[in-house]
Amino acid sequence: MSNNDASNTAKQPTNFIHQVIEQDLQQGLGKVVTRFPPEPNGYLHIGHAKSICVNFGTADKYSGECNLRFDDTNPSKEEQEFVDAIKDDVQWLGFNWAGEVRYASDYFDTFYAWAQHLIREGNAYVCDLSPEEASEYRGWATTPGKDSPFRNRTAEENLDLLERMKVGEFDEGSRVLRAKIDMASPNMNLRDPILYRIRKAVHHQTGSKWNIYPSYDFAHGQEDAIEGVTHSICTLEFADHQPLYEWFLTNLPVPSTPRQYEFGRLNINYTVTSKRKLKQLVDENHVSGWDDPRLPTIQGMRRRGYTADAVRNFCDSLAVSKTDGVVDMAQFEFFIREDLNDNAARAMCVLNPLKLVITNFPEGQVETLSAPVHPQKEMGTRELPFTRELYIDRNDYNEDSTLSRKKFKKLVPGDFMRLRGAYVIKATDLVKDATGEITEVHAELIPGTVGENPPEGMKPRGVMHWVSATEGKQAVVRVYDRLFNVESPDKGEGSFLDNINPESFSQIENCWIEPGLVDAAPETGFQFEREGYFVADRYDHSAETPVFNKTIGLRDTWKK
RNA sequence: UGGGGUAUCGCCAAGCGGUAAGGCAACGGGUUUUGAUCUCGUCAUGCGCAGGUUCAAAUCCUGCUACCCCAGCCA
C-alpha cells in the first residue's frame, strides 16, 4: 500500500484538492480513492508523471487507494504495446496500484445496459445525422443548435437501432447514440453529446465483441462510480465536461458519486509534452524512438539517466493549482542533480584524450591507488591504477603559461596541477606533430603527494581527472543536449520541428574510463568527476563495449 | 464571440480581511584534492489595471484588460 516512504509525503505542498479531501474526511468520508486513467495510445511523459504523483501521492497521503485504469474506449488508436509500457512506467516510478489493473472495457456490458436505461427514460436517442450534418446542427458559440430530426424516436425504435448498431448492421459514421440534453446550452458539451459511435476495429482487450464504443464522456464518470473513486482528478481542459459528468451520475443508477477536480497541466520550457507532437518526433525519425534520451517520455528520461526519485521529487515540488504556467527546465534539473549528487558513485572518464607522460615514473609499473566512491558519503573506495602514461582531457591543458592562476585552473607549462586522487604533477614539456597539434604532454610527479599536500611553492592550480592509458578502458559516450533550442517550441509561426536543436546529440567513440567502470550494471548512474552525470545505457552497455549516456552536466558557476 | 478557467518576484508558488512563506534561477562571501557538493547572505512599500467598502484589502464589491480551454462520431 505504501508506495513511498512517508518522508516525501511530508514535504508535499498542500493544495486545493487536499483541502477538499480533508473537509470530506471530516464530514465522514471513509476512504479516499483516486485513479490514474491513461489512454493506451502512446507513451507516458513527464506530464503524466505529475498526474501519477498527484493521484498516487494523494491516495498515499490519506491512506487511501489509487487504481490504474486504462481508458480504452477508442480501439482505433490504442494498442497493447502502450498498455505494457504504461504499466512498466508506473512501476518504475515506484507506485503500486490497488488490486488488478482496470480497463474501461471491463465495464462495456454495464455501459450498454445504462445506455438502454437512458433510452427508456427518454434521455437518449439514436441519431442518423452524418458527422457534417451533426456539426451544423450543433450551432456555434453565439448561435444555439437545432434539435436533430431523430430526437423524438420511440424508445422501442431506439433500443432496436442501438442493438443493431452493436451487432454491426450499420456502417461507421452512419449512426450514433446521443444523450437528449439541450441543443441550446451555452456549454457545447451539453448539446446532445455522443454516447456511442460505431467502430469496427479489433480492440486490444475485447477483440471483435463490440461494434460500438462509448465516448469518453459516457465512460469516465461511470468508471469512477463503479470503482468507488471518490476524487476524480483530471486536467483543466475537462472542466467544462463536469456538468456532463454529473448529468450521467444523476441520470444513471450508479453505485457511488465521485466528484471531479481539475488542475493545470504541467508544461516545461525547451521541450514539448503533447502525445501528438511526441508521436510525430518518433514517426518522422527526428529521434531514435519513444525512449530517445532527449524525449520527456518516462522511457526516455529513464534511458537518459534521470532517476525515479528525481522525477518524483520534481513532481512533488510542483504545486497542484489551476494556473497554466511553464516550469523552468532548471527546476527539473535541480532535482536531477540533487539526487545524483547524493547517490551516484564518482568515477573518472576522459572524453577528449590527450596523452600525459609522467617522465619520472617507471615504464611498466602499475601503482594501485585507492579513491573514495563518494566524497561526502560512506560508499567505500575504488582502485585506480596509476601508470607512466595517462590520458587527461585536451581542454585541461594550455601551452600558454601566462594564463592567470585564478582564471585558468588547469595545466600549463612549468606549473603544478593535482591529478584527482593521485599525485601533484608539474608540466615539463610537450610534443607536437607535423601539423602543430599537441600529441603529448610531459610532466613529472612530486613524490609523496598522494593524499598529502605538496611542499611549499608547489601549490597546484587546480585538480584534474585522468585515466591510465595502459590500464584504462575505451568507452562510447553519448552526449545529449536539449532537443529544442527555443523556450517555447510550440509558439511562433512554422512548425515546432523548425526549432529542433541540430546539436542535441553526439556520440564520442574514443573516451577512456577507469577500468572498474566496465563492470557497471546497465542503468547505473555515475558522476564522471568534473564532467557531469552519466548512466550505463539500459540496452547497449556491456563490459566489451561500455556505453554511457550523459544525463546532465555539473552545475557550472564558472564565470569567464 | 457564448461558456468555462487563470492572473502574487525572471520561473513555480503560499496566502482564505490584520499589514507579502518557500523552492528554482540570479548575484555576493566562506569551505573544498570535482570551477561540483556544502555553507552564509542579498533578492516584491509590492500582489494584471482602475475605482469602491473597511480602522485595516493580494484577500470583499464594481468595472476593465490579458492569456488558456471547448465548439471531434479524440481523450
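Proteins get letters first, then strands, A, B, ... in listed order; numbering begins at 1 in each.
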Under 4.0 angstrom, heavy atoms only, what part of the nucleic acid is [X] near: base, sugar-phosphate, or nothing?
X        : result
A:Gly451 : base
A:His241 : base
A:Arg555 : sugar-phosphate
A:Thr73  : sugar-phosphate
A:Ser76  : nothing
A:Lys459 : nothing
A:Gly532 : nothing
A:Val424 : nothing
A:Leu129 : base
A:Glu132 : nothing
A:Gln19  : base
A:Lys77  : sugar-phosphate
A:Lys322 : sugar-phosphate
A:Gly173 : base

Nearest-Å distance once atom [atom1] is located in both [N] and [M]:
N     : M     : atom1 : value
B:G46 : B:C9  : P     : 13 Å
B:C43 : B:G10 : C1'   : 11 Å
B:A21 : B:G28 : C1'   : 24 Å
B:A56 : B:G18 : C1'   : 6 Å

Is it the case that [X] and [Y] place a side-chain donor and acceptor less than 3.5 Å from each other?
X        : Y        : value
A:Gln242 : A:Glu246 : yes
A:Lys377 : A:Asn343 : yes
A:Glu163 : A:Tyr112 : yes
A:Arg346 : A:His465 : no

So which of A:Asn15, A:Val54, A:Val327 actually passes side-chain contact (heavy atoms from CB on, under 4.5 Å) with A:Leu318?
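With A:Leu318 as partner, A:Asn15, A:Val54, A:Val327 yield a single side-chain contact (heavy atoms from CB on, under 4.5 Å), made by A:Val327.
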Check if the side chain of [X] and the base of [N] share a donor-acceptor pair of N or O atoms closer than 3.5 Å.
X        : N     : result
A:Glu262 : B:G5  : no
A:Arg530 : B:U34 : no
A:Arg346 : B:U34 : yes
A:Asp240 : B:G3  : yes
A:Gln376 : B:A36 : yes
A:Glu531 : B:U34 : no

Quick test of the criterion, 5.5 Å between centres and less than 30° between planes. Is A:Tyr216 stacked on B:A75 or not?
no
Quick check, does A:Phe238 stack with B:A75? I mean ring centres under 5.5 Å and planes off by under 30°.
no
Between [atom2] of [N] and [atom1] of [X], the distance in whole Å:
X        : N     : atom1 : atom2 : answer
A:Ile181 : B:G3  : CD1   : C1'   : 15 Å
A:Leu554 : B:G35 : CG    : C1'   : 9 Å
A:Phe16  : B:C16 : CZ    : P     : 17 Å

Does [N] have its OP1 or OP2 closer than 4.0 Å to a side-chain nitrogen or oxygen of [X]?
X        : N     : result
A:Arg138 : B:G72 : yes
A:Arg197 : B:A75 : yes
A:Thr557 : B:A36 : yes

Taking syn as a glycosidic torsion within 90° of 0 and anything else as anti, which one is B:G72?
syn
Minimum-distance nucleotide to A:Ala319 side chain [options: B:A14, B:C73, B:U34]:
B:A14
Closest to the A:Thr323 side chain, choosing from B:A13, B:A36, B:G10:
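Among B:A13, B:A36, B:G10, the one nearest the side chain of A:Thr323 is B:A13.
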Looking at A:Arg151 and A:Asp192, does any basic side-chain N land under 4.0 Å from a carboxylate oxygen?
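A:Asp192 and A:Arg151: salt-bridged.
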Look through every strand shown and name the nucleotide pairing with [N] as Watson-Crick or G-U wobble, where both distances are under 3.5 Å.
N     : result
B:A56 : none
B:C27 : B:G41
B:U19 : none
B:A7  : B:U65
B:G46 : none

Indicate yes or no for a side-chain donor-acceptor contact from A:Ser105 to the backbone of A:Thr206 under 3.5 Å, with no hydrogens or angles considered.
no
May I ask you to establish whether A:Arg482 and A:Tyr270 are in a cation-pi arrangement, using a distance under 6.0 Å from NZ or CZ to the six-membered ring centre and at most 45° from the ring axis?
yes
